[in-house]
Amino acid sequence: DVKVTQSSRYLVKRTGEKVFLECVQDMDHENMFWYRQDPGLGLRLIYFSYDVKMKEKGDIPEGYSVSREKKERFSLILESASTNQTSMYLCASSTRTGELRGYTFGSGTRLTVV
Amino acid sequence: GEDVEQSLFLSVREGDSSVINCTYTDSSSTYLYWYKQEPGAGLQLLTYIFSNMDMKQDQRLTVLLNKKDKHLSLRIADTQTGDSAIYFCAESESSASKIIFGSGTRLSIRP
């Protein structure tokens, strides 16, 4: 069964901490995405990557960075966590052509910044 | 820019049909999707439709597309408690393009 795995289901971090959210996919997908999900706002794209070492800003990149050193792994970094970054974070992946299956999502990481 | 809109909540009685509606603004949308998110889980692709189709049926699910009005709907027949979830409408210009998601409709089932 193909999978997108997010390393933590729940995280609690302090304001100002540097936070790493990890995402690994085993489908050899080229594209990977990070979203945050907030009630009433749906999914908002933070960053995405179409290939190793490539990254593109999404709609809300401020306060975040990403790293893609290997094809299967896409990391989201909160340089200095703030309380307004408390949210559900979802990672997704897809093939370069999309293959009409849309995105495959991980189960999400619920981050609380206190 | 592109936008996808849907109502936030829908409540239906068990056994009735649920109809979740969505409107989108991008006339270049070629692929339209419905995703389901169960509590505590990520999103799962339920079904998709090409913009040159009017309807797609898959067991209890019926997707209707009115391209002229840029309106998409998802009908779930004989709604069950296991259908309780958030349903996201989404669109993309091509199978390789970024997918734009709506805000999600939370479907709750009452006995």
Side-chain angles (χ1 to χ4, degrees), chain A residues 1-10 21 23-25 27 29-51 54-61 87-110, chain B residues 1-10 20 22-26 29-53 56 58 63 72 74 85-108:
Chain A
D1 196 16
V2 294
K3 271 196 166 181
V4 176
T5 303
Q6 294 184 233
S7 53
S8 305
R9 289 298 301 271
Y10 300 95
L21 302 183
C23 175
V24 177
Q25 50 94 3
M27 297 165 283
H29 282 175
E30 292 83 8
N31 306 334
M32 296 188 76
F33 306 84
W34 274 106
Y35 288 88
R36 63 177 282 177
Q37 181 182 10
D38 301 287
L41 297 177
L43 273 67
R44 291 182 291 169
L45 182 63
I46 305 171
Y47 266 97
F48 59 103
S49 169
Y50 286 142
D51 205 345
M54 292 183 68
K55 59 184 178 185
E56 301 265 355
K57 291 180 181 178
D59 300 317
I60 52 162
S87 186
M88 169 73 94
Y89 289 87
L90 292 166
C91 176
S93 71
S94 70
T95 61
R96 193 182 305 283
T97 61
E99 284 188 357
L100 302 177
R101 293 196 195 107
Y103 297 170
T104 301
F105 280 86
S107 299
T109 296
R110 187 167 292 283
Chain B
E2 310 98 340
D3 197 18
V4 178
E5 293 194 0
Q6 49 185 134
S7 55
L8 292 181
F9 300 100
L10 177 66
I20 304 171
C22 166
T23 57
Y24 58 97
T25 57
D26 187 1
S29 297
T30 304
Y31 300 89
L32 296 132
Y33 308 87
W34 284 104
Y35 281 81
K36 177 183 181 182
Q37 184 183 33
E38 295 181 348
L43 278 69
Q44 181 181 19
L45 181 65
L46 260 186
T47 187
Y48 62 89
I49 189 169
F50 297 111
S51 59
N52 61 358
M53 297 167 66
K56 181 177 181 181
D58 184 3
V63 178
L72 184 73
L74 174 70
I86 302 175
Y87 291 83
F88 289 89
C89 174
E91 62 88 11
S92 66
E93 290 186 12
S94 75
S95 60
S97 301
K98 276 190 301 178
I99 297 179
I100 308 298
F101 290 88
S103 55
T105 299
R106 184 179 294 275
L107 175 64
S108 61

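Chain identifiers are assigned alphabetically (A, B, ...) following the order of the sequence lines, protein sequences preceding nucleic acid strands; residue numbering begins at 1 within each chain. Here the structure is a predicted model, which is why all the values come from computation and not from measurement. FYI, side chains are in, hydrogens and waters are out, and symmetry mates aren't considered; it's all heavy atoms of this structure.
Annotation: salt bridge (charged side-chain N to carboxylate O under 4.0 Å, His left out) contacts involving residues 39-48 of chain B, sequence neighbours excluded, are absent.
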Checklist line | Worked check of side chain to side chain contact (heavy atoms under 4.5 Å, CB included) between W34(B) and L72(B) | finding: CA-CA 9 Å; W34(B) 284 104; L72(B) 184 73; 3.4 Å; yes
Note to self: As a quick check of understanding, evaluate side chain to side chain contact (heavy atoms under 4.5 Å, CB included) for L43(B) and L43(A), giving each step before the final call.
What the structure shows: CA-CA 10 Å; L43(B) 278 69; L43(A) 273 67; 4.0 Å; yes
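In this structure, no portion of Q44(B) lies under 4.5 Å from any heavy atom of chain A. Neither the backbone nor the side chain of R110(A) comes within less than 4.5 Å of any heavy atom in chain B. Contact of L41(A) with chain B is made through the backbone alone, with heavy-atom distances under 4.5 Å. The contact between L8(B) and chain A is made entirely by side chain atoms (from C-beta outward), counting heavy-atom distances below 4.5 Å. For a residue to count as touching a neighbouring chain, one of its non-hydrogen atoms must lie under 4.5 Å from one of that chain's; by this rule Q37(A) touches chain B with the side chain only.
Checking S94(A) against N31(A) by side-chain atom types alone, a donor-acceptor pair falls below 3.5 Å.
Interface remark: of the candidates Q6(A), M88(A), R44(A), R9(A), R9(A) forms the most heavy-atom pairs closer than 4.5 Å to chain B.
Taking the side chain to side chain donor-acceptor pair (under 3.5 Å) definition, one finds that D51(A) meets it with nothing, sequence neighbours left out.
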